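Reading through the structure tokens given below for one structure.
Owing to the predicted nature of the structure, the values given are computational and were not obtained by experimental measurement. Letters A, B, ... mirror the listed sequences (proteins, then strands); counts begin at 1.
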Amino acid sequence: MTISVRNINKKFGDFTALEDVSIDIPDGSLTALLGPSGGGKSTLLRIIAGLEQPDSGIVEISGQDHTNHPPQRRNVGFVFQHYAPFKHLTVYRNVAFGLEIRKRPKVEIKKRVNELLELVHLEQFAGRYPAQLSGGQRQRMALARALAVEPAVLLLDEPFGALDAQVRKELRAWLRQLHEEVHVTTIFVTHDQEEAMDVANEIVVIAGGKVEQIGTPDDLYERPANDFVMSFLGPVTQLGKQLIRPHDVELRGSADDTTVPATIDRVLRLGFEVRVEAVLNGSAEGNRIWVQVTRDESDRLKLRPGDVVHLRPTRRGAVTSITPTSPRSHASSGGDLAAAR
Amino acid sequence: MASSVASSTLTKHAIRWAALTYLLFLLVLPLGVIVWRTFESGLGPVITSLISFEALHAFQVTAIVAVLSVIANTVFGVGAAVLLVRHSFPGKRLLNALIDLPLAVSPVVVGLALILVYGTFAPAGGWLTDHGIEIIFSTPGMVMATIFVSLPLVVRAVAPVLEEIGIEQEQAAWTLGARSFVTFRRITLPAIRWALAYGIVLALARSLGEYGAVAVVSGRLVGQTQTLTLLVEERFQNFDPITAYSASFVLALVAVIILLTIKLLRPKGDVS
């Protein structure tokens, strides 16, 4: 089922959480709302679910205006960041909840719940209480509970946020697989670009309450709309007045009219990858650049600190111009974050 | 090092003995004397005095007043706790402050205030009397007085737990299609059940033991509006100590049972 959000505005007191946000989610897609913390992505998800009321704007689910409907009437499945398990009910009763209050026949409930428990690999935990489950199991129980009522859309708020790294990776792959099996239109919120690129087939980048860009993971990585998206989605470095990915800088031994000279400062060997740090010649200290090359290339060029190399962007690479008076002050911090990875 | 440990152990012992002695003279001794006096002449007189008409009637009045006021306070207490924790509205701070008022006001003042409003010669009371409803010197007034003095107990037991469990389970129920009342009955109520039970037991104990406010509004009509606590006082004044002692003993026994129940109900880390 499609989701359409039109011109949503939302303020909490003086704080603008969302400003004129419009997005369209196609039927059956798996979409990530990606952005830094406090950027408004969770608020948008809660507005779609009806857990928050927008100050203005329209929320349509499957073509029907649901803006003024309570969550009960929206037919959405919502998975909370901390899963919100019903602590006094067993796993089975948790999953059965939505069906029980719809007064479905017992036989039907039993069949459906068992199917779902099988789907999320919790068959043998049906009789346990949430407190007796691990984080990953609780998360899968919350998913099964949300899917039980056959929602038009599935909304997940930071679904992997509260899990440790290993479980997180497993669940990512599992969520992708689940989406292929169930094929319900799904939106999940994340602040982790790697997670978004790994799981989603469409990404909406939200920061400062605004949509920065919408596109496939490739689109966003290769053709970022601005320097913020560029720096949020992957490592970046600065070549002259341009932001560029460190693996999109070509190192050459000889100069021509497309290259810029730089002096190597440090050569770091990180396994397969070699990280070359350099300072552009004739520029003030601080105009530093780092370049990612393969070990082979580094050996071929015999890179050593003190050497002068000639840099130019590779032809395919994504580049955005830096807007020095950018109002998005978080752009640079996002870049540092990405570069640090 | 060793001497400081020794002196701190000594201090601990001293404090413990001081506390025990204090409780001995204040609590154990008087209660012990009541038990001793009650059974001084054996079980026979105790039973005779407890099955007298006045005593049986006092039991009945006490039970009716306590049960009605506990029911009222349970309904109000849960409602007020939900209102205070889950909603924001103008006047919330005022409501919050008002709930604690009964702890600060003397029960006698409460009784007097009720008479001033609902007495036969007050406008509200006069109107009600004209319509055949009597509040003062009858059960409604006693229930009202008891509700007032035990008002905060359920609210204050439930509100912190409601705060702690958070709203997410309720929101999850909403997204699954549960309306507010279904959510309350199936999600909220089970989550607060132990805190609620604790509050109810506290309110019950307070209702059974109330004296001051009830003494004022009841008119102390023997065999009509006399509760157990009033019976104790009246029998003692009228040179019938054995009935006074026996009723006191029953009140103390009920208190002990309630105390034990509270101990069992009090959540130990597990609030779910």
Side-chain angles (χ1 to χ4, degrees), chain A residues 12-13 42 45-46 48-52 61 66 69-90 93-104 129-132 138 141-158 162, chain B residues 74 77-78 81-83 85-93 154 157-201 264-272:
Chain A
F12 293 109
S42 281
L45 197 77
R46 294 173 64 84
I48 295 172
L51 296 172
E52 300 280 357
I61 299 169
H66 276 293
H69 291 171
Q72 289 91 336
R73 289 181 54 193
R74 296 196 182 199
N75 196 22
V76 295
F78 199 98
V79 177
F80 291 81
Q81 185 176 0
H82 300 285
Y83 326 127
F86 302 143
K87 288 182 186 159
H88 62 291
L89 299 178
T90 60
R93 295 284 311 280
N94 260 276
V95 177
F97 185 85
L99 300 168
E100 280 180 5
I101 58 169
R102 281 172 176 69
K103 307 231 164 24
R104 297 277 171 79
Y129 285 90
Q132 300 167 303
R138 245 176 266 178
M141 181 193 83
L143 256 168
R145 184 176 72 183
L147 288 171
V149 295
E150 291 172 51
V153 294
L154 182 61
L155 308 172
L156 305 110
D157 191 3
E158 296 270 4
Chain B
T74 303
V78 172
V82 169
L83 207 59
V85 176
R86 293 282 187 264
H87 301 269
S88 58
F89 52 91
K92 180 169 167 169
R93 288 163 62 106
V154 173
V158 169
V161 176
L162 213 51
E163 186 93 58
E164 190 183 310
I165 57 170
I167 197 174
E168 280 204 343
Q169 290 186 55
E170 288 161 28
Q171 291 184 331
W174 299 345
T175 64
L176 291 167
R179 312 234 158 224
S180 303
F181 181 70
V182 177
T183 304
F184 174 77
R185 193 168 55 81
R186 302 186 69 140
I187 303 301
T188 316
L189 203 54
I192 61 170
R193 61 186 188 270
W194 294 119
L196 182 60
Y198 182 60
I200 288 174
V201 170
L264 289 175
L265 286 179
R266 186 168 241 165
K268 300 173 200 74
D270 174 36
V271 288
S272 65

Problem - Heavy-atom closest contact (A/Leu99 atom, A/Val149 atom, distance) - result: N-CG1, 4.3 Å

Completion exercise
Scanning both residues in full, the closest heavy-atom pair of B/Ala81 with B/Val158 reads CB-CG1, 3.8 Å

Under 4.5 Å heavy-atom distance to chain B, tell me which part of [X] shows up: side chain, backbone, both or neither.
| X | value |
| --- | --- |
| A/Ala131 | neither |
| A/Arg73 | side chain |
| A/Pro151 | neither |
| A/Phe86 | both |

Practice task
Examine the side chains of B/Glu170 and B/Thr188 and answer whether a donor and an acceptor come within less than 3.5 Å of each other.
Solution key: yes

Practice task
Identify which of A/Pro85, A/Ala146, A/Ala142, A/Ala148 forms the greatest number of heavy-atom pairs closer than 4.5 Å to chain B.
Solution key: A/Pro85

Exercise for the section: Report, as yes or no, whether the 6.0 Å neighbourhood of atom CZ on B/Arg185 holds more than 12 heavy atoms from other residues, nucleotides or ligands. Expected result: yes

Practice task
Keeping the roles fixed (side chain from A/Asp157, backbone from A/Gln81), state whether a donor-acceptor pair exists under 3.5 Å.
Solution key: no

